[in-house]
There are 2 protein chains.
Amino acid sequence: MTKEKSRHHHGNLQAALVEAGISIIRADGLEALSLRKCAAMAGVSHAAPAHHFGNLDGLKQAIAQEAFARFTQFMRSHADAGDDTPRARLHGICLGYLAFARAEPALYAMIFCYTPNTPPADKGPNDIARDRTRGPAYQLLRETCAPFVPAGTDPVVIETQVWSLVHGFALLCQHGRLGPEPPSDETVLAMLDRIG
Amino acid sequence: MTKEKSRHHHGNLQAALVEAGISIIRADGLEALSLRKCAAMAGVSHAAPAHHFGNLDGLKQAIAQEAFARFTQFMRSHADAGDDTPRARLHGICLGYLAFARAEPALYAMIFCYTPNTPPADKGPNDIARDRTRGPAYQLLRETCAPFVPAGTDPVVIETQVWSLVHGFALLCQHGRLGPEPPSDETVLAMLDRIG
DNA sequence: GCCGAATCTTGACAGTGTAAACTTGACACT
DNA sequence: AGTGTCAAGTTTACACTGTCAAGATTCGGC
């Protein structure tokens, strides 16, 4: 027999709602996101999402978490693309960062607004604790930046500088603050090379 | 006679609504902003704001414009604070930037999301056109960065690098991505000095 | 004094989040 | 089979929001 459509127990409503939310955000922006529209798009009653996410903010956090997962994978694949030199890896990860921000502006912005931070509040300020509090992508950034840390300087300074530069550039581009057509990726790489 | 309270013609409703909106955003964030709450806070009927701003987005733009005005003035005062050396001016403007972003996180974020850009679409890519399309504060940034532009490199690269770095750092701090207590201002100045 | 235009009010409607009570299906246990 | 329990969705209801249309009031120029 074919799978009967039971009125209850959607199967994987949680994922379906997140997917619906992503498509709504992609089409009409974050402001257009609503619990009821996601419910309708998933073919479910309007109050169902609240059972899974509590409230609208919960849904946004779930969407942001999914977006973060895609973002890290996207960036990691870009890091492995070019040569195996440290510089090629740094360029790759940053170009991936910018490409994702350009391709998915709304999702990218959500990652930083609706993803929880400092979850476990670990003890010492060691590397592992930093990775946890700064998000799943920080380990990749740290490894990539390591070869460019001059002797005697705190690695955090370099990591923070690279991250701030790329993040700020991505957002300024996204909001059109860098002119109608933004600077080329080569400009970013040139800025990057001025650091290391 | 004392000024009679006339039911119509509030006097300066436009400004009052913007002020109400700012206080709401300061207290409960951008999400809590609503036309009706601003109207109530200004002692006016619920549909009055639409007459001045068209819709909610119009009000947001007006608030962002006011926020932008305060931001530029704030930053300009910081630029004139220290010594008259180029480096002191650069440090001053960046510290002002960060101080404003820390003091008024919601207003700072609004500036980049709701302020229109590229208004006149000027002809040549000269300095004046750049100032117009990139916002009123760009002239200040350009003047401050000028002494640090090495011979033979495009000034835009330096300006963009400084702006991206400070903007990205401010937002990463704001969202707690740089740890529970963010790096000190000296760290930012150190990063800045690595550029010039 | 008068008339148009600007300013604000009132009333209404659709869409939204959210809470409560209810219905249905799945599963374990006896 | 019968039963209890629990999770998943539905239904109903309410307050709040943006937005529109129509009316009231006041201002400014003539």
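Rounded to whole Å, the distance from CD on Q14(B) to P on dT7(C) is 8 Å. One can place CZ of F53(A) at 15 Å from C1' of dG17(C), the figure rounded to the nearest angstrom. For the pair D28(A) CG and dG15(C) P, the interatomic distance rounds to 15 Å; values are reported in whole Å. Regarding L35(A), its CG atom lies at a distance of 9 Å from the C1' atom of dT18(C), rounded to whole Å. In this structure, CD of E31(B) is placed 18 Å from P of dC16(D), rounded to the nearest angstrom. Distance, N55(A) CG to dT16(C) P: 17 Å, rounded to whole Å. Counting to the nearest Å, the P atom of dT18(C) and the CG atom of L59(A) are 10 Å from each other. The nearest whole Å value for the distance from the CG atom in N12(B) to the P atom in dA6(C) is 18 Å.
Ion pairing between a basic and an acidic side chain is recognised when a charged N comes within 4.0 Å of a carboxylate O; R70(A) and E19(A) show such pairing. Remark: R102(B) engages D185(B) in a salt bridge, criterion side-chain N to carboxylate O under 4.0 Å.
The aromatic rings of Y97(A) and Y108(A) sit perpendicular, their planes meeting at an angle over 60°, well past the 30° parallel limit.
Residue S45(A) places its side chain closer to dG9(D) than to any other of dG9(D), dT19(D), dT18(C). Of the candidates dT17(D), dC8(C), dG17(C), dT17(D) carries the atom nearest the R36(B) side chain, counting heavy atoms from C-beta on. If you check dT9(C), dG18(D), dT10(D) against the side chain of H51(A), the one that comes closest is dT10(D).
Comparing L33(B) and A47(A) by the nucleotide of DNA chain D that holds the closest heavy atom to each, the one mapping nearer the 5' end is A47(A). Residue whose closest nucleotide on DNA chain C sits further toward the 5' end, between A50(A) and V44(B): V44(B).
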Using the side chain to side chain donor-acceptor pair (under 3.5 Å) rule, take Q61(A) and Q65(A) through it: C-alpha gap first, then chi angles, then the decisive distance, then the call.
-> CA-CA 6 Å; Q61(A) 284 173 237; Q65(A) 194 168 336; over 6 Å; no

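Evaluation of atom-type donor-acceptor distances gives no pair under 3.5 Å for the side chain of H9(B) against the base of dC8(C). Scanning atom types as modelled, one donor and one acceptor separated by under 3.5 angstrom connect the side chain of H46(B) and the base of dG11(C).
In this structure, H78(B) has its ring center no closer than 6.0 Å to that of F100(B).
Heavy atoms of S34(A) sit under 4.0 angstrom from primed sugar atoms or phosphate atoms, though from no base atom.
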